[in-house]
Engineer: 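My questions will all concern the structure given below.
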Amino acid sequence: MGLRHFTFRLTSLTIAATVVGLYLVARLFFLSNFVEMEQTLVANDVQRAQNALGTSINRIGLLATDWATWDDAFRFMAEGGQEFLDSNLTRETFVKQRLAVIGLFDLAGQQSGGRYYDATAGEFIPIPPEVLALFTPGSALLADADTNEGRQGVVLFGGRPMLLAAYPILSSEHEGPARGTLVMGSWLDSAAIDALAAAIVLPVRLLPLDAPGLPRPETAGSIVVLPTAEDADVCVGLGLVRDLFGRPALWLSVTTGREFFIQGLGLIHSSLGLFALAGLLLCLALLTILERRILRRLKAISDQSGRIAKGESALRLYLPGDDELSSLAGDLNVMIDRIEAAKRSLAASENRYRTLFLGIGAATALVGSDDRIELANPAFLRLVGLPAEAVEGRRRWTDFCPDMVPDNHSGVACPEIAASAVQTRFVRDDGKSRFVLLTMASLPGEGGCIISLVDNTAAKETEQALAALSRDLEALVAERTAEAKAKTRELEAANLRLRQLDRVKSAILSSVSHELRTPLTSIRGFANIIERDLNRLVASSTVSGLATHPRIRRIHDNLRIINEENQRLTGLINDFLDLSKIESGKMEWRDSAIDARELAARAQRATAALFEAGPVALSLDVDPATPMLFADFDRMLQVCINLLANARKFTEQGRILLAIGPDAVGDWVMRVEDTGRGIAPEDVERIFDDFAQAAANGHESNPGGTGLGLSICRTIVAHYGGRIWAESSPGQGSVFTVLLPRKRLFADPRAASDETPVQ
């Protein structure tokens, strides 16, 4: 396809596609806007017709209201009399007000008076039965004595619509009680419809609800615009008319001309026609400019370039002018000059690289797409053991590397080795084998490659020796591994026996502790009984100075020692029981809200005997802002008492401080500080182990105890997700710290919503 033909087709298709696209856009958007505006206008016309009908109904209602509040009508309903009917229900009244019926009904629904005027015959006739049927006793239109409001609207009689108004008969001051109901009605006939049409200056019709092609009133709105074909001349809108009781009665149809839509459609067509004409003129002008300014000049460049391509290398392009095509011709001339220079440079470069290839120290060969060696350097020829004329163009490189021949014997062998060196076997012409490292580099676009070989025979022999040594080492490792597995099985068996012994130990501790508590309780009871009986005996004795007798004092001292040792032994047994419960998982946790001040006060009372008249003072420091802690009160009291007792045990003089409060991040913290002997660094962590105690640190002896108190404290604190640790130096006192996370606090909002307390 020529450039001229292509340009013409491209321009024509562009303009045609633009016109079609604009037409579709106009149809989809602009025309739809015209349709929406037309429907809005029709809906407004229907609304005007409904308003005009409402005006007619209001006219009947106002007239009926006026008559119903006449004192004459009010008096007529009480006294009767033909004079009221003859003077008011005249032919002129019916004709002037365009009425068909006027009726007066008492509270019981009986007609007190009224007339019906037949406008066609021009005379009065009896009121039709279907009109009287609306005012039977119990009818919703009849007023009672307390009614002050009337009703007005449309009523259907055998398919004929009537504008009807019914209002209670009151005095001229609109006061009651009502004496009856005044009814006025006017047929909504063709004359009334014509009056409506004249009022809104549009054709108006009344259609029954079940007319063919009309929507159902229960699924449609109060105003409906019927679908209209694009070529239709008019548009029809429907307005739903409800009767006096609020039920759908009939459709009010309004017919509107489509001048607005037709004008919009014509505007779209004329605009598109003008655009198509302008596009055609633009296409012709563009083609003319392209022909004169571009296409002819491009043809000249093409002809001259073809001559140069056929071998006229001395010819250069000539295109007069100062535009881009002239610059292109100049650039092409420069490019042709550079190509000629590049040819000369390429020839020189080829000679240079051939010399470089032949001078490479490694054995290198240039291989063609058929695997034949096209060029080999001297190192390759020495490795092969053949002259160049016996190798180049005659032998395949795979003849010397038989292990690299692919299974299908087609194409370049093993192209994947181009990425790295591959060790393979090299067979010389004399049949001797060597091990070489082979590297292949593909030549893009030529199907050939360059193969480089490095003699690796010595390294391969060393590798084989190392492989043999490795096999020996693997056998030795396997032997040692088998021994290690046997030791592992022995350790697992020993560990199982230790766990069994630990369970036996726990069971023995629990059993012995329970068995010891009973005799200890008896000893404490009998010691108390002996002391009580001794005090009574001394008190009732007539011997003077018996209470201070040495033997009596020795008995008292012995009983005191029995009670103290019994209490100490009971505490040790309780520690053993707690340890047994914790290890067996049978410890009961009764979590509740704990007040830090109450906890500190209880701990102070429980340890008061340790600080009575002694050289060590106990002080409390409880932060009033400490939140409530959710934990077992007895267990936390046990932790506090154990820490205080432990501090008093290792403090000969000075003070002990119990401090409770939140830390910087809101965690619950309890500290016990003392001025005692301190703890050696190597014992700071060990003292929390079972049955562990700190060293004497130069003191004559360690205080007694089982070494279970701190272990129990750590277990209780760990149950609530907290930590306990000690900070101390020998001779400088100790600080024991208990930290419980803030999720255990009632004051932390996340504790109530996101966190569940550990049970």
Side-chain angles (χ1 to χ4, degrees), residues 49-70 73 77 85 88-89 93-120 124-144 147-170 178-196 199 204 206-209 217 239-252:
Q50 288 180 327
N51 294 339
L53 180 60
T55 301
S56 299
I57 295 173
N58 291 335
R59 183 185 66 79
I60 296 294
L62 289 175
L63 186 61
T65 302
D66 182 46
W67 279 52
T69 55
W70 283 0
M77 294 304 297
L85 300 176
N88 293 289
L89 275 64
T93 300
F94 282 87
V95 173
K96 183 177 180 180
Q97 301 296 337
R98 300 193 299 275
L99 296 175
V101 61
I102 299 177
L104 294 96
F105 298 86
D106 60 15
L107 298 177
Q110 299 297 322
Q111 182 180 352
S112 300
R115 290 181 178 179
Y116 180 86
Y117 180 72
D118 188 350
T120 304
F124 290 105
I125 62 175
I127 299 177
E130 59 267 22
V131 177
L132 294 176
L134 288 175
F135 300 94
T136 56
S139 173
L141 296 178
L142 290 176
D144 54 27
T147 302
N148 291 323
E149 300 293 335
R151 305 182 72 173
Q152 62 187 31
V154 177
V155 180
L156 293 179
F157 295 105
R160 294 181 61 194
M162 172 181 280
L163 304 181
L164 189 70
Y167 281 86
I169 299 175
L170 304 172
R179 292 182 175 177
T181 304
L182 174 68
V183 178
M184 286 187 177
S186 174
W187 289 111
L188 192 58
D189 51 14
S190 59
I193 298 301
D194 292 341
L196 285 177
V204 178
L206 289 179
L207 302 176
L209 295 177
L240 184 63
V241 178
R242 297 184 179 273
D243 63 9
L244 186 141
F245 303 102
R247 298 169 300 190
L250 45 84
W251 289 107
L252 183 64

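All values derive from a computational prediction rather than experimental measurement.
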Engineer: Report the residues that fulfil side-chain hydrogen bond (donor to acceptor under 3.5 Å, both in side chains) with D66, sequence neighbours left out, ordered by chain and then residue number.
Structural biologist: none

Engineer: Would you check if L156 and P161 make a side-chain contact, meaning some heavy-atom pair closer than 4.5 Å?
Structural biologist: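 Sidechains of P161 and L156: in contact.
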
Engineer: With heavy-atom distances below 4.5 Å as the criterion, would you say the side chains of M184 and I102 are in contact?
Structural biologist: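 SC-SC contact between M184 and I102 confirmed.
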
Engineer: Which residues pass the side-chain hydrogen bond (donor to acceptor under 3.5 Å, both in side chains) test with D189, not counting sequence neighbours?
Structural biologist: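 D189 satisfies side-chain hydrogen bond (donor to acceptor under 3.5 Å, both in side chains) with no residue once adjacent residues are dropped.
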
Engineer: Going by salt bridge (charged side-chain N to carboxylate O under 4.0 Å, His left out), name the pairs with one or both residues in residues 100-109, residues two or more places apart or in two chains.
Structural biologist: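 Not a single pair qualifies under salt bridge (charged side-chain N to carboxylate O under 4.0 Å, His left out).
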
Engineer: What I'd like to find out is whether the side chain of V183 reaches to under 4.5 Å of the side chain of V131, using heavy atoms alone.
Structural biologist: no

Engineer: Can you list everything that forms a side-chain contact (heavy atoms from CB on, under 4.5 Å) with A165? Sequence neighbours excluded, please.
Structural biologist: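 Partners of A165 under the side-chain contact (heavy atoms from CB on, under 4.5 Å) test: I60, A64, Q152, Y167.
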
Engineer: Atom CD of Q110 and atom CG of L132: how far apart are they, to the nearest 0.5 Å?
Structural biologist: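 Answer rounded to 0.5 Å: 10.5 Å.
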
Engineer: With side chains defined as the heavy atoms from C-beta onward, is the minimum distance between L53 and V241 less than 4.5 Å?
Structural biologist: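 In short, these two side chains touch, coming nearer than 4.5 Å.
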
Engineer: Partners of R179 by side-chain contact (heavy atoms from CB on, under 4.5 Å), sequence neighbours excluded?
Structural biologist: F74, M77, A78

Engineer: Distance from I169 atom CD1 to L104 atom CG, nearest 0.5 Å?
Structural biologist: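 These two atoms lie 4.5 Å from each other.
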
Engineer: List for me each residue that meets side-chain hydrogen bond (donor to acceptor under 3.5 Å, both in side chains) alongside T93, sequence neighbours excluded, and say none if there are none.
Structural biologist: T90

Engineer: Are the side chains of L244 and L134 in touch, meaning some heavy atoms are under 4.5 Å apart?
Structural biologist: no

Engineer: What pairs with F124 under ring-ring contact (aromatic ring centres under 6.0 Å, His included), at least two apart in sequence or on another chain?
Structural biologist: F94, Y117

Engineer: Once side-chain contact (heavy atoms from CB on, under 4.5 Å) is applied, do any residues pair with P248, and if so which ones, sequence neighbours excluded?
Structural biologist: L209, P217, L240, R242

Engineer: Mind checking the CG-CG spacing from L206 to L252? Nearest 0.5 Å is all I need.
Structural biologist: 6.0 Å

Engineer: Tell me the side-chain hydrogen bond (donor to acceptor under 3.5 Å, both in side chains) pairs involving residues 155-165, sequence neighbours left out?
Structural biologist: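 Residue pairs with at least one partner in residues 155-165: there are none.
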
Engineer: Quick one: sort the F135 and F105 rings into parallel, tilted or perpendicular, breaks at 30° and 60°.
Structural biologist: parallel

Engineer: Which residues pass the side-chain hydrogen bond (donor to acceptor under 3.5 Å, both in side chains) test with N148, sequence neighbours left out?
Structural biologist: none

Engineer: With D118, which residues qualify under salt bridge (Lys or Arg N to Asp or Glu O under 4.0 Å), at least two apart?
Structural biologist: none

Engineer: Restricting to side-chain contact (heavy atoms from CB on, under 4.5 Å), what partner residues turn up for N88, sequence neighbours left out?
Structural biologist: W67, W70, F84

